[in-house]
Amino acid sequence: MHPQSAHSPLQIAEPVAQALRDGTPVVALESTIISHGMPWPDNLQMAQRVEQTVRDSGATPATIAVMGGRWCVGLADEALERLARQGPATPKLSRRDLPLVTARGGDGATTVAATMIIAARAGIRVFATGGIGGVHRGAAQSMDISADLLELARSPVAVVCAGAKAILDLGLTLEVLETQGVPVYGWCTDELPAFYSRRSGLRLPCRVDSLDELAAALQLQWATGLGGGALVANPIPAAAEIPHESIAPVIDDALVQAAQQGIHGAAVTPYLLSRLNDLTVGRSLAANIELVLNNARVAAGLAAAWARLQPSLPIVPVASASR
Ligand code: PSU
Ligand code: MN
């Protein structure tokens, strides 16, 4: 049985529900990256390629969004295309936004935070994205700290990402994760990756080189009641990376422009990503797509390792028709 009922907004698509019943690997995917993170039609292509990559890696993809007030886990092709076409016209939903949009029967694209909440409700433990939100530069003044970081301390989901987005203050982002007690695992790396670049110069407390070991750590975290989520930091493939020296000045320009335009709140991240895409003539977008695909592969492997660890469910005897 999965947690869908007349009183729950949760709506799990059949292939995902089937995989959850069977205990086969499932990977959650977010939708803000589609509607606010990339331009049409690259966003649709990216979303379809990520789902296909998850399938090719032996797991079932579950793209999550709010549609007509339903918390949809797994989107049909038409729904995915509609979301991609509408772009930023679909509101970006974080934890705070879920109750009212759901009550009004509205639509929304879920951020990392909102996707974690819905994935956890559906029983999905592994989620792939590009980069999480984090502590913005100048946060001492603006107090702009993504709700993604606090959600990582609450919802029991492992988030595979390429680090926090390079537009952020990565050092402060790690500090907040530490304060919140969120395990940050470097996947085959000793350093926090910097989204477009493989290295940030910031050392991580733990490096992991085995997905089985990672799954065992997650199992322990949840079985012991520690709760909360975990971050798996997976560097962008070397062939797709933009070296720190080339992207850093462009990010600085984009940040100045955002300040001049008075952009703030939830609009900051989408604004910066689209400015970077213009300023790098599409190179940042290409890197962003490659790192998401790379995260999808690792997440599918982790979901498989997680599935192997789960005890198989007892077979419920079915009442026999004959006596
Ligand atoms: N990663 C990407 N592109 C994105 C995002 C992440 O590669 O567009 C989105 C995620 O949905 C993340 C959100 O949760 O940006 C962070 O927004 P904010 O900083 O407003 O919390
Ligand atoms: Mn913010």
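When reading the values below, keep in mind they use all heavy atoms of this one structure, side chains included, and skip hydrogens, waters and symmetry mates. Each ligand, and each atom within it, is numbered from 1 in the order the structure gives.
- Once rounded to the nearest 0.5 Å, the distance linking CD1 of Ile34 with OG1 of Thr110 reads 8.5 Å.
- Judged by the 6.0 Å and 45° rule, Arg207 forms no cation-pi pair with Trp187.
- Near ligand 1, residues Glu30, Thr32, Ile33, Gly37, Lys92, Thr111, Val112, Gly130, Gly131, Gly133, His136, Ser146, Asp148, Lys165, Phe195, Thr269, Leu273, Asn288 come within 4.0 angstrom through at least one heavy atom.
- You'll find the side chain of Lys92 reaches within 4.5 Å of the side chain of Thr269, heavy atoms only.
- Nearest N/O/S atom of Asp144 relative to the Mn ion (ligand 2): this is OD1.
- Crowding of Arg55 atom CZ: a count of heavy atoms from other residues, nucleotides or ligands under 6.0 Å exceeding 12.
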- Task: With side chain to side chain donor-acceptor pair (under 3.5 Å) as the test, would you mind laying out the steps for Gln18 and Asp22 before giving the verdict?
- Result: CA-CA 6 Å; Gln18 181 71 45; Asp22 295 347; 3.1 Å; yes
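- With contacts defined as side-chain heavy-atom distances shorter than 4.5 Å, the pair Val159/Val232 does not qualify.
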